[in-house]
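Notes for the one structure printed next.
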Amino acid sequence: MAKVGIVMGSDSDMPVMAKAADILEKFGIDYEMTIISAHREPDVFFEYAKTAEEKGFKVIIAGAGMAAHLPGMCAAIFPMPVIGIPMHTTSLGGRDSLYSIVQMPSGIPVATVAINGGANAGILAAKILATGDPELLQKVKDYAAELKSQVEAKDAKLQQVGYKNYTK
């Protein structure tokens, strides 16, 4: 049974949403990915959000661009956490998406990550689920240690070769 729903308004969002899916796979978290337009098919969207809890979803990751109503409407209907991913847009660079997702009315929160922040959305979903799953919590801690090791390796290379030769 999928624990996370990943929903996007358009297939153009797929490269960003795939990063969330990749992270969930890394942690061994089941998910279901769907394309639904809250504006073009409101009946389909409403059914998705209304049935997400009974499908076993514990978190929804919703990505949207421009007016970006998908995450907020998910949060209005789905009773558990929703993580919004604002998509980069050509007209306003994603600020339109960011503002649409983060500026929710009182009582309808959406956790919002950076513009095009698919990986962070996946990590945040894993951290939310880890609050009740010690095995998953250990995977999250191991992932953080892996990130630390990567930075330490980069610094060791810098110290060895110097900044002028670092990127050569």
Side-chain angles (χ1 to χ4, degrees), residues 1-133 135-136 139-140 143 146-147:
M1 184 182 306
K3 290 184 179 177
V4 178
I6 298 176
V7 62
M8 65 200 91
S10 170
D11 62 353
S12 63
D13 303 334
M14 187 66 71
V16 172
M17 303 309 284
K19 292 176 183 175
D22 290 344
I23 290 290
L24 295 176
E25 287 179 11
K26 180 178 181 69
F27 289 124
I29 298 169
D30 293 330
Y31 64 90
E32 175 186 298
M33 186 181 284
T34 309
I35 299 171
I36 299 174
S37 172
H39 296 117
R40 294 183 181 98
E41 47 183 8
D43 54 334
V44 175
F45 162 75
F46 186 79
E47 187 65 21
Y48 171 84
K50 191 176 174 187
T51 61
E53 181 183 5
E54 65 191 55
K55 287 182 192 173
F57 294 177
K58 303 296 183 202
V59 178
I60 291 177
I61 298 172
M66 297 188 289
H69 292 123
L70 188 62
M73 288 305 298
C74 282
I77 298 167
F78 180 65
M80 288 178 268
V82 174
I83 302 167
I85 305 175
M87 296 296 156
H88 183 272
T89 58
T90 55
S91 56
L92 297 173
R95 290 183 306 279
D96 48 348
S97 312
L98 174 64
Y99 294 154
S100 292
I101 296 171
V102 79
Q103 287 297 114
M104 291 298 297
S106 181
I108 314 294
V110 175
T112 309
V113 296
I115 296 168
N116 284 357
N120 271 355
I123 294 165
L124 182 55
K127 286 183 171 192
I128 291 168
L129 294 172
T131 61
D133 183 338
E135 185 179 320
L136 180 56
K139 289 179 183 179
V140 169
Y143 180 77
E146 181 183 315
L147 294 178

* Heavy-atom side-chain contact between Met8 and Met33 under 4.5 Å -> yes
Is there a side-chain contact between Val7 and Phe57, using heavy atoms and a 4.5 Å cut-off?
-> no
All heavy atoms of Leu129 vs all of Lys3, minimum pair found to be CD1-CB, 4.2 Å
| message | Treating Ser100 as the side-chain partner and Ala67 as the backbone partner, does any N or O pair qualify as donor plus acceptor under 3.5 Å? | response | yes
Shortest non-hydrogen pair, Gly122 vs Leu24, comes out as O-CD2, 3.8 Å
What one should report as the nearest heavy-atom pair of Ile85 and Ala114 is CG2-O, 4.3 Å
task: Find out whether Leu124 and Ile128 are in side-chain contact, i.e. whether some heavy atom of one side chain is under 4.5 Å from a heavy atom of the other.
output: yes
Closest heavy-atom pair, Met87 versus Asp13, reported as atoms and distance to 0.1 Å, is CG-OD1, 3.4 Å
Of all heavy-atom pairs linking Gly84 and Pro86, the shortest is O-CD, 3.6 Å
**Message:** With a 3.5 Å distance limit and no angle check, can you tell me whether Ser97 reaches the backbone of Met66 through a side-chain donor-acceptor pair?
**Reply:** yes
Report task. May I ask you to check whether over 12 heavy atoms, not counting those of Glu146, lie within 6.0 Å of atom CD? Result -> yes
CD1 (Ile60) and CG (Leu70) are apart, to the nearest 0.5 Å, by 8.5 Å
NZ of Lys58 to CG of Asp30, rounded to nearest 0.5 Å, is 12.5 Å
Could you check if a side-chain atom of Tyr48 sits within less than 4.5 angstrom of a side-chain atom of Glu41, using non-hydrogen atoms only?
no
Here the gap from Ser12 atom OG to Ile35 atom CD1, rounded to the nearest 0.5 Å, amounts to 9.0 Å
- Worked check of side-chain contact (heavy atoms from CB on, under 4.5 Å) between Glu25 and Tyr31: CA-CA 8 Å; Glu25 287 179 11; Tyr31 64 90; 2.4 Å; yes
Notebook entry, point to check: Quick one: does Ile23's side chain get under 4.5 Å of Tyr143's, heavy atoms only?
Noted result: yes
Rounded to the nearest 0.5 angstrom, the NE2-CZ distance for His88 and Arg95 is 8.5 Å
In this structure, OG1 of Thr112 is separated from CG of Asn120 (nearest 0.5 Å) by 12.5 Å
- Task: Taking the side chain as every heavy atom from C-beta outward, state whether Ile123 and Lys127 have any pair of such atoms under 4.5 Å apart.
- Result: yes
Between Pro109 and Ala75 the two heavy atoms that sit nearest each other are O-CB, 3.5 Å
Do Phe46 and Met73 have side chains that get closer than 4.5 Å, going by heavy atoms?
no
Open item on the list: Around atom NZ of Lys139, are there more than 12 heavy atoms from other residues, nucleotides or ligands closer than 6.0 Å?
Closed with: yes
Given the options Ile115, Asp96, Leu98, Thr89 meets side chain to side chain contact (heavy atoms under 4.5 Å, CB included) only with Asp96
